[in-house]
Amino acid sequence: MGAVERHKQVRAYRGLMPSPGRPSVAWREDRVRFRTAIARGAKTEVACCAAGVSGPVGFRWFRHAGGVNPCLADEVSGRYLSFPEREDIAVWQAQGVGVREIARRLGRAPSTVSREVRRNASTRTYTLDYRASTAQWHAERRARRPKTAKLVDNPRLRAYVQARLSGDVTDAGGNRVGPEGPAWKGRNKPHRGDRGWVTAWSPEQIARRLPVEFPDDEDMRISHEAIYQALYVEGRGALKRELVACLRTGRALRVPRARSRQKAWAHVTDKVLLSERPAEAEDRAVPGHWEGDLIIGLKRSAIGTLVERTTRFTMLVHLPREEGYGVIPRTKNGPALAGYGAVTMKDALARTMTTLPEQLLRSLTWDRGKELSAHALFTVETGIPVYFADPHSPWQRGTNENTNGLLRQYFPKGTDLSRWNSDELQAVAAVFNNRPRKTLGWQTPAEVFTKQLRSLPPASVATTD
């Protein structure tokens with residue numbers, strides 16, 4: 001039999017198929033390692049390193065899946081030939097090794113090797129050469145078991161879901177109201193911008209409402225997870241990707257569960273946890289233990305607040321804009337120009353607190369914000385140890401939280417706090433320090449703080465004027 005006839009028989013045996021084109025950059029084993037790392041909460045860059053693929057490839061996998069885990073098995077079944085085994089077959093076949101000898105070396109049945117060479121050899125070459133990359137492409141293409149989504153097969157169900165998700169908001173006369181919202185660009189909901197007004201039922205509300213409205217129609221049933229996947233997973237069809245803007249979160253991609261539990265608190269070590277703070281700070285008997293935080297305003301403006309636990313004496317930290325703010329475009333990992341970057345915050349706190357005697361600078365308890373990630377340098381420069389409160393525990397800094405709430409009378413939310421200079425902040429602080437407090441027996445914080453200053457040794461006396 002000639003090569004041409006044999007070529008025709010193989011084509012007829014396999015059927016028509018598209019050209020494999022460029023071989024895949026990674027195989028299923030790589031995707032398994034990538035998704036396993038993502039499921040552990042690793043960032044995409046770290047998951048790419050674990051899978052041994054480049055960054056663009058990993059980001060493309062994550063984006064096409066919409067952040068949804070395809071639930072690949074941790075290990076590829078040994079029932080099927082792996083890519084390394086196909087590479088061995090290609091090398092040994094090129095060396096002229098027989099099918100039975102290849103099967104013996106691989107520990108496989110001869111029929112498995114024979115069928116592999118016959119099915120998965122290249123159909124675009126005259127001599128039907130066997131190449132591992134092309135064979136792997138054929139095997140993965142043949143292994144796919146695409147299942148049509150329910151929303152694709154059921155137009156009535158799809159129309160119901162879409163109407164509850166993205167339906168118009170109308171007034172009593174049936175006229176559409178509300179803003180149009182921004183054009184879809186594949187990103188999350190707009191920051192400080194209008195979103196389109198829609199009915200915005202959640203997928204779970206839609207799924208639970210279907211049995212109520214259609215109790216006898218079993219075709220009108222769908223799970224909320226199927227709706228989420230129809231929105232996020234590329235290629236599922238049915239619902240358009242831009243409808244994710246109708247969800248309350250407005251996320252363009254789903255966040256893996258393990259990753260959502262992580263917080264950017266790498267600057268908080270075991271040595272600076274609140275449990276390590278001296279016990280004397282808890283009962284407020286010894287002055288000099290401070291609590292601090294930021295109050296945030298419009299356009300990334302902020303004011304630092306410091307409150308002494310015993311006397312309730314308040315100090316406000318001026319955080320002016322850095323040179324170039326509003327001119328230099330914001331860039332990832334670029335300079336912090338808003339006024340409360342790590343180094344800027346450290347310097348501003350040091351300038352404010354070092355005006356006091358050392359006896360009144362025993363410790364500083366801060367929120368978990370990254371603005372104080374340079375706390376180690378702050379401690380070295382000032383000698384003030386820094387401790388961080390536990391996550392989601394504002395009551396551990398209750399004095400500071402209460403003060404921040406009172407300060408909102410002067411610095412409301414949604415206003416630009418960078419308008420106020422240092423003198424104006426000191427004026428507001430003076431108002432607070434001269435306001436009588438019930439917890440101090442109706443004395444003012446300034447009076448109690450002055451008594452503490454006078455009780456210090458003469459060489460360390462400072463004034464509050």
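Residues take their numbers from the sequence shown, with the count starting at 1. For the numbers below, each heavy atom of this structure counts, side chains included, while hydrogens, waters and symmetry mates do not.
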Quick check against the 3.5 Å criterion: does [X] have a side-chain atom that pairs as donor or acceptor with the backbone of [Y]?
X      : Y      : answer
Thr415 : Pro412 : yes
Glu85  : Ser82  : yes
Asn188 : Ala252 : yes
Arg397 : Trp366 : no
Arg33  : Gly52  : no
Arg309 : Thr399 : no
His138 : Glu116 : no
Thr379 : Ile384 : yes
Lys150 : Arg221 : yes
His224 : Ser202 : no

Checklist entry - Among Gln396, His289, Glu291, Arg277, which one satisfies side-chain hydrogen bond (donor to acceptor under 3.5 Å, both in side chains) with Thr365? => result Arg277
Around atom [atom1] of [X], are there more than 12 heavy atoms from other residues, nucleotides or ligands closer than 6.0 Å?
X      : atom1 : result
Arg187 : CZ    : no
Asp171 : CG    : yes
Arg419 : CZ    : yes

Of the non-hydrogen atoms in [X] and [Y], which two are nearest, and what is the gap between them?
X      : Y      : answer
Phe378 : Ala350 : CE1-N, 3.7 Å
Arg176 : Glu180 : NH1-OE2, 3.5 Å
Glu371 : Met345 : O-CB, 3.3 Å
Arg254 : Phe62  : O-CZ, 3.9 Å
Ala200 : Cys246 : CB-O, 3.6 Å
Trp184 : Glu242 : CG-CB, 3.3 Å

Does a side-chain heavy-atom distance below 4.5 Å link [X] with [Y]?
X      : Y      : result
Tyr340 : Arg300 : yes
Trp61  : Val53  : yes
Leu247 : Pro203 : yes
Lys413 : Ile296 : no
Ile295 : Tyr410 : no
His318 : Arg351 : no
Gln205 : Arg164 : no
Leu151 : Val161 : yes

Would you compute the distance between atom [atom1] of [X] and atom [atom2] of [Y] and round it to the nearest 0.5 angstrom?
X      : Y      : atom1 : atom2 : value
Arg158 : Leu165 : CZ    : CG    : 13.5 Å
Thr403 : Met315 : OG1   : CE    : 13.5 Å
Leu106 : Leu81  : CG    : CG    : 7.0 Å
Leu294 : Asp367 : CG    : CG    : 8.5 Å
Phe214 : Arg209 : CZ    : CZ    : 10.0 Å
Ile227 : Glu225 : CD1   : CD    : 10.0 Å

Checklist entry - Is there a side-chain contact (heavy atoms from CB on, under 4.5 Å) between Trp290 and Leu349 once you walk through the steps? => result CA-CA 12 Å; Trp290 297 76; Leu349 277 178; over 6 Å; no
Item to check | Trace of the side-chain contact (heavy atoms from CB on, under 4.5 Å) decision for Arg368 with Asp390 | outcome: CA-CA 8 Å; Arg368 293 230 165 182; Asp390 296 331; 4.2 Å; yes
Checklist entry - Hey, mind stepping through Val307 and Asn402 against side-chain contact (heavy atoms from CB on, under 4.5 Å) and telling me if it holds? => result CA-CA 10 Å; Val307 185; Asn402 178 67; over 6 Å; no
Checklist entry - What is the ring orientation for Tyr232 with Tyr228, classed by angle as parallel under 30°, tilted 30 to 60°, or perpendicular over 60°? => result parallel
Checklist entry - Regarding Arg105 and the six-membered ring of Trp92, is the cationic atom NZ or CZ under 6.0 Å from the ring centre and inside 45° of its axis? => result yes
Next on the checklist: Under 4.0 Å between a side-chain nitrogen and a carboxylate oxygen: does that hold for Arg108 and Asp88?
Outcome noted: no
Checklist entry - After noting the C-alpha distance and the side-chain angles of Val117 and Val99, does the key distance pass the side-chain contact (heavy atoms from CB on, under 4.5 Å) rule? => result CA-CA 9 Å; Val117 173; Val99 169; 5.6 Å; no
